[in-house]
Protein chains: 2
Amino acid sequence: MAYAEQYIDKLRKSGLRPTKQRIKICEVLFDADKTFHFTIKELVKIIENQANIKVSLATVYNTVHAFIKKGYLKEIPLNSSQSYYDTNVTHHHHFFDEEDNKLIDIDQDDVDEINIRKKIPGKKIRSVEVIAKIVSDNQSQK
Amino acid sequence: MAYAEQYIDKLRKSGLRPTKQRIKICEVLFDADKTFHFTIKELVKIIENQANIKVSLATVYNTVHAFIKKGYLKEIPLNSSQSYYDTNVTHHHHFFDEEDNKLIDIDQDDVDEINIRKKIPGKKIRSVEVIAKIVSDNQSQK
DNA sequence: TCAACAGTTTAGAACTATTTTAATGTAATT
DNA sequence: AATTACATTAAAATAGTTCTAAACTGTTGA
């Protein structure tokens with residue numbers, strides 16, 4: 001397992017010791033060649049299905065938050081009862097399908113650069129995100 | 001009180017009967033010439049301070065949600081433990097100050113029109129919002 | 001005026017996501 | 001192997017939000 005090195009490295013850089021549970025979390029999050037969106041609940045379910053390792057919610061929350069702090073994961077701002085996370089940490093945007101409660105990536109290239117002309121004294125912009133909410137287009141069905 | 005008519009109208013259009021409590025909520029939300037951001041907790045506190053009317057959380061939640069459904073209020077997407085609402089229902093964007101947990105409006109005019117080139121079949125865009133997270137600019141202080 | 005009814009309000013309970021706690025377990029280092 | 005420092009865990013705590021069921025209010029019509 002050549003990936004394991006990477007995971008241990010990521011964990012160490014996040015200030016976490018590489019344990020069985022945490023390496024399993026890394027496998028789920030970083031093994032795929034695709035990036036994806038998830039909630040904590042979903043992540044726990046995936047781990048339970050894929051492995052015979054018990055992981056408590058607390059461990060998952062702690063690990064996910066350490067990765068966010070380090071920049072290995074992103075939190076997606078959404079007014080939903082639960083938080084959504086993204087393994088795609090490149091600069092990009094999102095559709096949120098309000099009917100299916102699904103997130104869809106929008107590449108940075110698909111949106112013109114966003115230039116905000118308003119400035120706040122003493123503050124700098126850390127991130128800019130676009131959320132486009134989408135619903136069924138009934139017009140086109142008629 | 002000339003405004004009362006408007007409030008009663010808004011309530012009726014939202015499918016709610018105009019009661020003392022609900023009219024009070026309207027007074028707080030729609031009386032000011034300025035728009036503002038609030039959380040449910042803050043709204044309850046304002047009502048308690050301004051009036052001798054008891055309002056339960058349940059009534060406030062129900063009324064706020066009825067107004068959102070009708071488009072008289074907007075929910076602001078933010079990954080925060082509590083929901084933020086906006087009496088400004090025009091198309092605009094936000095700064096979110098991560099240190100003070102404060103929202104600041106950005107006029108639509110201060111951001112170039114956002115053109116998303118990616119399309120999702122059968123879906124249409126209902127809203128597009130920009131959230132720019134800001135923090136202290138330590139660079140400029142050094 | 002009064003009874004009946006439909007819709008409201010309310011306190012408190014329930015629910016859900018998240019965080020904390022504190023006891024037990026484990027990895028790393030000597 | 002012993003020590004130490006950190007991890008894991010279940011369970012409890014917390015906080016925002018939603019639900020519930022009982023009491024209440026105001027309107028209508030006789």
Side-chain angles (χ1 to χ4, degrees), chain A residues 4-5 7-28 37-48 51-70 73-86 101 103, chain B residues 4 7-8 10-28 37-48 51-69 73-85 101 103:
Chain A
E5 304 282 307
Y7 302 153
I8 291 171
D9 189 52
K10 272 192 167 144
L11 286 166
R12 287 241 163 82
K13 283 186 177 157
S14 305
L16 300 171
R17 282 213 293 228
T19 64
K20 210 164 47 168
Q21 285 84 351
R22 286 174 179 162
I23 288 172
K24 185 66 211 171
I25 292 171
C26 287
E27 280 176 27
V28 172
H37 309 117
F38 64 95
T39 63
I40 294 290
K41 231 173 149 181
E42 287 166 359
L43 181 52
V44 170
K45 213 173 281 178
I46 292 168
I47 291 170
E48 278 175 0
N52 293 29
I53 300 171
K54 262 201 180 178
V55 190
S56 76
L57 268 182
T59 302
V60 176
Y61 274 109
N62 294 344
T63 307
V64 165
H65 285 155
F67 285 153
I68 287 169
K69 208 170 168 183
K70 194 65 191 175
L73 291 176
K74 253 171 113 172
E75 203 171 1
I76 301 167
L78 264 192
N79 250 356
S80 144
S81 53
Q82 57 198 320
S83 289
Y84 282 77
Y85 305 96
D86 197 339
N101 267 38
L103 275 164
Chain B
Y7 303 153
I8 292 170
K10 273 191 167 144
L11 286 166
R12 288 242 163 82
K13 283 185 177 159
S14 306
L16 301 171
R17 280 213 295 226
T19 63
K20 210 164 47 168
Q21 286 84 352
R22 287 175 178 162
I23 288 172
K24 184 66 210 171
I25 292 171
C26 287
E27 279 176 29
V28 171
H37 309 117
F38 64 95
T39 62
I40 293 291
K41 228 174 149 183
E42 287 167 358
L43 180 52
V44 170
K45 213 174 279 179
I46 293 168
I47 291 170
E48 278 175 0
N52 293 30
I53 300 171
K54 262 200 181 179
V55 191
S56 75
L57 269 182
T59 303
V60 175
Y61 274 107
N62 293 343
T63 306
V64 164
H65 285 155
F67 284 154
I68 287 169
K69 207 168 168 185
L73 290 176
K74 252 172 114 172
E75 203 170 2
I76 300 168
L78 264 191
N79 251 354
S80 147
S81 53
Q82 57 197 320
S83 290
Y84 282 76
Y85 305 96
N101 268 38
L103 275 164

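Quick note: numbers below take in every heavy atom, side chains included, and nothing from hydrogens, waters or symmetry partners. Per chain, numbering begins at 1; letters A, B, ... match sequence-line order.
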Round to a whole Å and report the spacing from [atom1] of [X] to [atom2] of [N].
| X | N | atom1 | atom2 | answer |
| --- | --- | --- | --- | --- |
| Ile53(B) | dT10(C) | CD1 | C1' | 15 Å |
| Arg22(B) | dT25(D) | CZ | P | 15 Å |
| Glu75(A) | dT19(C) | CD | P | 9 Å |
| Ile47(B) | dT10(C) | CD1 | C1' | 14 Å |
| Ile68(B) | dT18(D) | CD1 | P | 9 Å |
| Lys41(A) | dC15(C) | NZ | P | 13 Å |
| Ile40(A) | dT16(C) | CD1 | P | 17 Å |

Checking side chain to side chain contact (heavy atoms under 4.5 Å, CB included) for the pair Asn79(A)/Asn79(B): CA distance, chi angles, key distance, verdict?
CA-CA 6 Å; Asn79(A) 250 356; Asn79(B) 251 354; over 6 Å; no
Partners passing side chain to side chain contact (heavy atoms under 4.5 Å, CB included) against [X] (at least two apart in sequence or in another chain):
| X | answer |
| --- | --- |
| Asn62(B) | none |
| Ser81(A) | none |
| Asp86(A) | His37(A), Lys74(A), Ile76(A), Asn88(A), His92(A), His94(A), Asp105(A) |
| Ile40(B) | Val44(B), Leu57(B), Val60(B), Tyr61(B), Val64(B), Tyr85(B) |

Nucleotide by nucleotide, 5' to 3', does protein get under 4.0 Å of the base (B), only the sugar-phosphate (S), or neither (-) in nucleotides 22-30 of chain C, counting heavy atoms?
------S--
Looking only at heavy atoms, which two atoms of [X] and [Y] are closest? And how far apart?
| X | Y | answer |
| --- | --- | --- |
| Ile47(B) | Ile53(B) | CG2-O, 4.5 Å |
| Tyr84(B) | Gln82(B) | CD1-O, 3.6 Å |
| Leu11(A) | Pro18(A) | CD1-CA, 3.7 Å |
| Leu16(A) | Ala66(A) | CD1-CB, 3.6 Å |

Pairs touching residues 11-23 of chain B that satisfy salt bridge (charged side-chain N to carboxylate O under 4.0 Å, His left out), sequence neighbours left out:
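The answer is Asp9(B)-Lys13(B).
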Which of residues 54-65 of chain B sit near DNA chain C, with a heavy atom under 4.0 Å from it?
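Nucleic-acid contacts, sorted: Lys54(B), Val55(B), Ser56(B), Ala58(B), Thr59(B).
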Those residues of residues 77-84 of chain A lying under 4.0 Å from DNA chain C by at least one heavy atom:
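Within this stretch, Ser81(A), Gln82(A), Ser83(A) sit under 4.0 Å of the strand.
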First locate atom CD of Gln21(B), then atom OG1 of Thr19(B), and finally report the distance between them rounded to the nearest 0.5 Å.
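These two atoms lie 5.0 Å from each other.
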Rounded to the nearest 0.5 Å, what separation is found between the CD atom of Glu75(B) and the OG atom of Ser83(B)?
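Reported value, rounded in 0.5 Å steps: 4.5 Å.
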Quick one: are Phe38(B) and Leu73(B) in side-chain contact, heavy atoms under 4.5 Å?
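Side-chain contact under 4.5 Å: yes.
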Please list, pair by pair, any protein nitrogen or oxygen found under 3.5 Å from a nitrogen or oxygen in nucleotides 2-4 of chain D.
none

End-to-end axis angle, where each axis spans five pairs of the helix from dT1(C)-dA30(D) to dT30(C)-dA1(D), to 10°
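Computed from the C1' atoms at both ends, the axes differ by 10°.
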Touch check for Gly15(A), heavy atoms < 4.0 angstrom, all strands: base, sugar-phosphate only, or nothing?
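Gly15(A): backbone/sugar contact only, no base atoms under 4.0 Å.
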Any residue meeting side chain to side chain donor-acceptor pair (under 3.5 Å) with Ser14(B), in chain and number order, not counting sequence neighbours:
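Listed in chain order: nothing, the list is empty.
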Test salt bridge (charged side-chain N to carboxylate O under 4.0 Å, His left out) applied to Lys24(B) - qualifying residues, sequence neighbours left out
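Glu27(B).
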Main-chain N/O of Thr59(A) paired to Thr63(A) side chain as donor or acceptor, under 3.5 Å:
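Yes: the side chain of Thr63(A) pairs with the backbone of Thr59(A).
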